[in-house]
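In the text below, chain A, chain B and the rest are named by the order of the sequence lines, each starting its count at 1. Keep in mind it's a predicted model, so treat the numbers as computed, not measured.
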Amino acid sequence: MTEIRLYNSRLRKKEIFAPIEPENVRMYVCGPTVYDRAHLGNARPVVVFDVLYRLLRHVYGAEHVTYVRNFTDVDDKINARARSMQGAGDTRPLNAIIRALTDATIDWYHGDMDALGALRPSHEPRATEFIVQMVAMIEGLIARGHAYAAEGHVLFDVRSYPEYGALSGRAIDDMIAGARVEVAPYKRDPMDFVLWKPSSADEPGWDSPWGWGRPGWHIECSAMSHDLLGPSFDIHGGGIDLQFPHHENEIAQSCCAHPGAGFANFWLHNERVQVDGKKMSKSLGNFFTVRDLLDQGWPGEVIRFVMLSTHYRKPMDWTEEKARVAEKHLGSFWSLIRDTKPGQVDAAVIAALADDLNTHQAIAELHRLYSEGAAACLAATLNFLGLQGGDRAHRADADGAIRDLLAQYSDGLAKARELAIKNKDFTEVDRLKRMLLDAGAEVRMTKEGVEVLATQDFDPAKLEALK
RNA sequence: GGCGAGUUGGCGGAGUGGUUACGCAGCGGAUUGCAAAUCCGUGUACAGGAGUUCGAUUCUCCUACUCGCCUCCA
């Protein structure tokens, strides 16, 4: 069996991955808060952990891997967005707006991530469907002396958990010295974080032992991972920016609620997406969405390829130059595998991924397969990596009418060229070629003959108009 | 202020205690009516300093710089 090695940020080193139960490998990844289109930064963990999911399925068998990624559909950002919609004239009740907003955002998210070639996880729980489990977990934490109720809130007592700060390598006192934590009168310690907080009458809320309210941000992941994967599981993933405080708080909650279980064995964190060397973030306003890029005409596979060309633990700069290069490579690969039946997935690619998801090395192997002309292997491997190109690569083949049409033109062009070589007059050849290029076709002329192919921009109507 | 990550050839970007990354661009050539595409050839880089070592880009320490987290953000 392939030995997988992963960098465990909990221990800050690469470790051999050994699942708790090889017949049920379990992974939890923090998903999006659903109030807006996913931006490119949201997409990176999706692609990174999709590659890991595919690798795990390959090694342990597709039916032996459970992958959970949540939707955070209760959150103050969502409430704020809904209120601003009310302010803009939306007359529906706040909760109706929120339901519509979160539903729509989840649909967008699915569409955009599907376009990036990401497989759907085994479970995609919505936080609001797990309130009962969250309340139960909070009650347990209070009973064990790790949390306390105060003024309608329930707070986690960080001083009750000596390991607090271990994941991110921080000491509580150092963080307080940073003096940027919210100090609320009802907190015993400034670092204590909210498990439950009161809601106003029109805000989303649920009855609880502490009154009408809603959960804090962190408890949902602890409750959902426990419910769907059990008290201990193999991999917990997410963006590096979630390491603190979110993951630190998850560990504190889960380990205190289920002492001895261990929670997640491996913690994996992907680095951020940058734009021009700066972090991409909503507060800086330099972000763009996956949908923006798709609408600009970049195929999802190109975005995915660019993502995979940088190792997940390094910051990735998005540039159009990279996208152009990626598109060129994929175009070459796809043209080689046209009409090819996929064979075996390349072993060197699996080995590269097994070494802490060295996707860049995997791409280097794709170039090797391409230069070797190993079409069947390349096809299978591209498919495995989620870079199969969908219908685009096969458009000319899929559409017989287009193929027949272009065959006519290629015959005509070949005849004209034959004549031109004799007469030394290429004006007609150049005119035909120009016309085909303008209509989005690709023209290849070699000694052997003329070949006309449809690119994804090919437009038969345009060709007719130019005739 | 605390914590962490990084600094590789023109560019992107892996990796390694001593031997070619890979890709893009460039250059030279083949081929071509011209192009495109393709093919062949071509690049000896690892922030600076000190140390360990027979030998360091790779290990250790220091310095500089960049970036991130500590506050909503993936």
With sequence neighbours excluded, what pairs up with A:E372 under the side-chain hydrogen bond (donor to acceptor under 3.5 Å, both in side chains) test? A:R368

State which residues pass ring-ring contact (aromatic ring centres under 6.0 Å, His included) with A:Y28; sequence neighbours excluded, sorted by chain then number. A:H236

Could I get a table of every N or O pair under 3.5 Å where one atom is in the protein and the other is in nucleotides 26-33 of chain B?
unit_1	atom_1	unit_2	atom_2	d
B:rG33	N1	A:D430	OD1	3.1
B:rG33	N2	A:D430	OD2	3.2

Sugar-phosphate only, base, or nothing, as touched by A:S168 at under 4.0 Å among non-hydrogen atoms: sugar-phosphate

From B:rG15, B:rA21, B:rU38, nucleotide with atom closest to A:Q361 side chain: B:rA21

Report the nucleotide, chosen from B:rC67, B:rC69, B:rG13, that has the shortest atom-to-atom distance to any side-chain atom of A:Q274. B:rC67

Between B:rC67, B:rG12, B:rG23, which nucleotide gets closest to the side-chain atoms of A:H329? B:rG23

CZ of A:F49 to OH of A:Y67, rounded to nearest 0.5 Å, is 7.5 Å

Identified stems (criterion: three or more consecutive Watson-Crick or G-U pairs, under 3.5 Å), RNA chain B: B:1-7 with B:64-70, B:10-12 with B:22-24, B:26-30 with B:38-42, B:47-51 with B:59-63

Any A:K314 side-chain N or O less than 4.0 Å from OP1/OP2 of B:rU7: yes

May I ask you to verify if any side-chain N or O of A:R272 is less than 4.0 angstrom from the OP1 or OP2 atom of B:rC69? yes

Should A:E220 and A:R214 count as an ion pair when the cut-off is N to O under 4.0 Å? no

Can a side chain N or O of A:K328 be found less than 4.0 Å away from OP1 or OP2 on B:rA25? yes

Non-neighbouring partners of A:H269 that pass ring-ring contact (aromatic ring centres under 6.0 Å, His included), sequence neighbours left out: A:H247

Residues A:K187 and A:D192 bridged, charged N to O under 4.0 Å: no

Using the test ring-ring contact (aromatic ring centres under 6.0 Å, His included), find all partners of A:F244 that sit at least two apart in sequence or belong to another chain. none

